[in-house]
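Everything below concerns the one structure shown next.
Only a predicted model underlies this, so the values are computations on that prediction, with no experimental measurement involved.
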There are 2 protein chains.
Amino acid sequence: MSVDKAIFTPVKGKRAFEEVSSKIKALIIEGVLKSGDKLPPEGELGKQFNVGRQTIREALRILELSGFITVQQGFGGGPVVKNTISRKLSDLILDAFQMKEISVEEFTAARLVIEKAILNDAIDNADDQDIEDLQENIAKAKDLLARKQIATDPNFEFHSLLARASKNSVFVILERTINAIHHKLRSQKTADFKTSKAAVLAHEKLLDAIIKKEREKAINLLDQHVLAVRKSY
Amino acid sequence: MSVDKAIFTPVKGKRAFEEVSSKIKALIIEGVLKSGDKLPPEGELGKQFNVGRQTIREALRILELSGFITVQQGFGGGPVVKNTISRKLSDLILDAFQMKEISVEEFTAARLVIEKAILNDAIDNADDQDIEDLQENIAKAKDLLARKQIATDPNFEFHSLLARASKNSVFVILERTINAIHHKLRSQKTADFKTSKAAVLAHEKLLDAIIKKEREKAINLLDQHVLAVRKSY
DNA sequence: TCACATTTGTCCGTATGTATC
DNA sequence: AGATACATACGGACAAATGTG
């Protein structure tokens, strides 16, 4: 009755194409291969890894879907290192939604938590440039509204800018994920001028509170804003 | 001057394997293919889609990496519909982290926010089964400590169980990601019996506060615990 | 224990499509 | 327009894994 249950499985997949993709992926993460670098063509890769072309192709497919490379056909083409992970991330998140793994309620609850944390840190850490960017964002949004256009893009951007102002790259990534989900939820609805205008006004008030460092007021405003957005789904 | 801008372009992939994977994926999302259903072997799929085996294989690779199917070799094996999307999601998020060089400080700050939110929801939503699982987890950890072994695995599991008790699948995904990063940070250090023991004791106190629904006390305990863990890096 | 059938994993050769020069 | 270099795709073959009798 020995406890030989191998709990940790740092071992790699035994399939050859997994080892190949892992090795290339490691080189990219370590920075040996940088964005824009061109990988050898499939045949050459096969020789270097001592595997067949089919194996290389499946490895490239994995790297492509994981957002580490892109592949182009034709002369001068081939696999190129390019980071598209966040795009692939939103694709997968959409899948999770379509498979009903995430509900709107769960999403809103999580969003509230993370956006509040971002706001809290942004109040402490935002520098002049961040404030300027946020002000410019609102000006852009109001300009669109004045021309009876919907300010969807700037409204999404506002939260990204806020995340950047928090000076925590973890929040930036989490916020991007939230934005992706939000975007998917919204894409099913037709854009609404009224909702868009309300969002811009909420952002404006929020920024004012941030500049004045009125923390509680800002958090309350954010609460109302997120819950209002939730209703618009 | 007709508006022939094709707005609905769900299928942009020219490549054959993308069309094949999209079709199978659609069948799964629509519910025509359900979890546990066995797909035909590669050769048979090739005949049905009128493409070669290589094309089928690349399509299956995509579905596998996207978390829609698993594939097993040998007699009675083959592709089987199985939802592992959330696992694939945290894998991708981890990739995003590794490409961005997150600092320990940023990670700890984000961890604190998310774990607190999880704790808050867990206090409200944990059912009897969740509490039982958490108690069993601590018992397992203490048993290991009594035999002078390090309780790393149960200690990681504790936070996963807590996330599950929050009844929010978004938190489950985020927590899994945090665990993966945490694990990565820890892997550079040799495991420490003292630290492990302290964590178990912290978990025990925390669970006690959760059961008694002492919210503030629980959050304070979590604060101390996470910051203590941060020092161990 | 030993074949045996089934299915994925891998390799090779070849042909076609595609983008650049 | 033609040559070149590359991915894309097909078909056949054998190896490896895995459960059955």
Side-chain H-bond candidate by donor/acceptor type, A/H159 with A/E115, under 3.5 Å: yes

Are B/F193 and B/Q149 side-chain neighbours, meaning at least one heavy-atom pair lies under 4.5 Å? no

Ring-plane angle category for B/H203 and B/H225, please: parallel below 30°, perpendicular beyond 60°, tilted otherwise. perpendicular

Kindly assign one of parallel, tilted or perpendicular to the pair B/F156 and B/H183, based on the angle between their ring planes and the thresholds 30° and 60°. tilted

Degree of bending in the helix from C/dC2-D/dG21 to C/dC21-D/dG2 once both end axes are built from five pairs, to 10°: 10°

Donor-acceptor pair, side chain of B/N155 and main chain of B/A151, under 3.5 angstrom: yes

Please check if the side chain of A/K38 supplies one atom and the backbone of A/G77 the other of a donor-acceptor pair under 3.5 Å. yes

Nucleotide by nucleotide, nucleotides 4-11 of chain C touches protein heavy atoms under 4.0 Å in the pattern (B base, S sugar-phosphate only, - none) -BBBBBBB

Salt bridge (charged side-chain N to carboxylate O under 4.0 Å, His left out) partners of A/K25, counting only residues at least two apart: B/D95

